[in-house]
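Since this is a predicted model, take the numbers as computed values, not measurements. Only this structure's heavy atoms are used, side chains among them; waters, hydrogens and symmetry mates stay out.
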Amino acid sequence: QVQLVESGGGLVQAGGSTRLSCAVSKNPVTTYSMAWFRQAPGKEREFVAAINWNGENRYHADSVKGRFSISRDNAENMVYLQMNSLKHEETAVYYCAAGAYGSNWHEYDDWGQGTQVTISS
């Protein structure tokens, strides 16, 4: 089982930027594709971005394309989500996940505890 620990959440002004980090406990981290999802209160978990094992393939949801960027550092066992031009409606708990490459949460077997990102309007 993979242990995932997110960090970097907090309060951000609308239009601002922040970067989320996910520390991956298990080696080799290159076994896994990684993704970020988010869940706002009262809403379903939503796909944000995914990256394959070597970082050559990345997929971002249309709603964040051009503003968010997923990346990974396999040497450091880390995955990142750079978020720019944040919107109030993107307030949510953001989750890091490990599994197969895709946009469906069912494709991911291991999840972090989540980090709260609150966008002030």
Side-chain angles (χ1 to χ4, degrees):
Q1 187 175 3
V2 181
Q3 304 259 339
L4 306 172
V5 179
E6 302 97 336
S7 60
L11 181 64
V12 184
Q13 283 192 328
S17 299
T18 194
R19 187 177 78 160
L20 303 183
S21 300
C22 175
V24 185
S25 69
K26 191 169 183 178
N27 281 312
V29 68
T30 52
T31 301
Y32 306 98
S33 291
M34 303 294 297
W36 289 94
F37 288 77
R38 64 188 179 190
Q39 189 165 20
K43 294 189 177 181
E44 294 187 353
R45 192 165 295 192
E46 176 189 21
F47 169 76
V48 177
I51 188 167
N52 77 324
W53 71 274
N54 64 1
E56 290 187 354
N57 293 311
R58 310 180 194 203
Y59 176 50
H60 296 82
D62 287 344
S63 60
V64 306
K65 204 170 291 183
R67 298 186 298 118
F68 290 16
S69 179
I70 188 171
S71 62
R72 66 190 298 165
D73 183 341
N74 288 341
E76 297 294 330
N77 288 4
M78 295 293 294
V79 181
Y80 304 100
L81 183 67
Q82 177 67 41
M83 304 191 294
N84 302 323
S85 302
L86 283 159
K87 304 175 182 179
H88 175 67
E89 56 267 33
E90 293 179 313
T91 294
V93 177
Y94 284 72
Y95 296 92
C96 178
Y101 184 68
S103 60
N104 191 321
W105 69 269
H106 296 285
E107 298 172 282
Y108 294 88
D109 299 318
D110 296 289
W111 294 80
Q113 81 288 351
T115 185
Q116 176 70 46
V117 177
T118 302
I119 314 303
S120 62
S121 57

- Note on the structure: In terms of heavy-atom contacts, Arg72 and Asn74 come closest through NE-OD1, 2.7 Å
- Determine, stepwise, if the pair Ser85 / Phe68 fulfils side-chain contact (heavy atoms from CB on, under 4.5 Å). CA-CA 9 Å; Ser85 302; Phe68 290 16; over 6 Å; no
- Would you indicate whether Gln116, at its atom CD, is surrounded by more than 12 heavy atoms from other residues, nucleotides or ligands within a distance under 6.0 Å? yes
- Nearest heavy atoms of Met34 and Ala98, plus distance in Å: SD-CB, 3.6 Å
- Task: Kindly give the heavy-atom pair with the smallest separation between Ala92 and Gln39, and that separation in Å.
- Result: CB-O, 3.4 Å
- Item | Under 3.5 Å: donor-acceptor pair, side chain of Arg58, backbone of Ile70 | yes
- Message: I'd like to know if the side chain of Arg38 pairs up with that of Tyr94 as donor and acceptor (distance under 3.5 Å, no hydrogens or angles considered).
- Response: yes
- Query: What about Phe47 and Val79, same hydrophobic cluster or not, with Ile/Leu/Val/Met/Phe/Trp/Tyr joined at side-chain heavy-atom distances under 4.5 Å?
  - Reply: no
- State whether the side chain of Ser33 and the backbone N or O of Ala100 hold a donor-acceptor pair below 3.5 Å, judged by distance alone. no
- Message: Ser63 vs Glu46, test: side-chain contact (heavy atoms from CB on, under 4.5 Å). Steps then yes/no.
- Response: CA-CA 10 Å; Ser63 60; Glu46 176 189 21; 3.9 Å; yes
- Query: Passes side-chain contact (heavy atoms from CB on, under 4.5 Å), Val48 versus His60? Steps please.
  - Reply: CA-CA 6 Å; Val48 177; His60 296 82; over 6 Å; no
- Backbone N/O of Ala40 and side chain of Arg45: donor-acceptor pair under 3.5 Å: no
- Is the backbone of Ile119 close enough, under 3.5 Å, to the side chain of Thr91 for a donor and an acceptor to pair up by distance? yes
- Can Val12 be reached from Leu20 by stepping across I, L, V, M, F, W or Y side chains whose heavy atoms are under 4.5 Å apart? yes
- Query: In this structure, are over 12 heavy atoms from other groups packed under 6.0 Å from Gln113 atom CD?
  - Reply: yes
- Query: Tyr59 and Phe37: same hydrophobic cluster, using ILVMFWY side-chain contacts below 4.5 Å?
  - Reply: yes
- Query: Does Cys22 offer a backbone N or O that forms a donor-acceptor pair with the side chain of Glu6 under 3.5 Å?
  - Reply: no
- Note on the structure: Test side chain to side chain contact (heavy atoms under 4.5 Å, CB included), reference Val24, set Thr31, Leu4, Val5, output is Leu4
- Task: Start with the C-alpha distance between Lys43 and Glu89, add both sets of side-chain angles, then the distance that settles salt bridge (charged side-chain N to carboxylate O under 4.0 Å, His left out), and finish with yes or no.
- Result: CA-CA 12 Å; Lys43 294 189 177 181; Glu89 56 267 33; over 6 Å; no
- Query: Would you say the side chain of Ser69 lies within less than 4.5 Å of the side chain of Leu81, judging by non-hydrogen atoms?
  - Reply: no
- Query: What residue pairs, at least two apart or across chains, pass side chain to side chain donor-acceptor pair (under 3.5 Å) with a residue in residues 99-110?
  - Reply: none
- Which pair of heavy atoms, one from Ala50 and one from Gly102, lies closest together, and at what distance? CB-O, 3.7 Å
- Query: When the ring planes of Tyr95 and Trp111 are compared, do they come out parallel, tilted or perpendicular, using 30° and 60° as the limits?
  - Reply: perpendicular
- Task: Indicate yes or no for a side-chain donor-acceptor contact from Asp73 to the backbone of Asn77 under 3.5 Å, with no hydrogens or angles considered.
- Result: no
- Message: Going by the rule side-chain hydrogen bond (donor to acceptor under 3.5 Å, both in side chains), which residues pair with Gln82 if we only count those two or more places apart in sequence or in a different chain?
- Response: Asn84
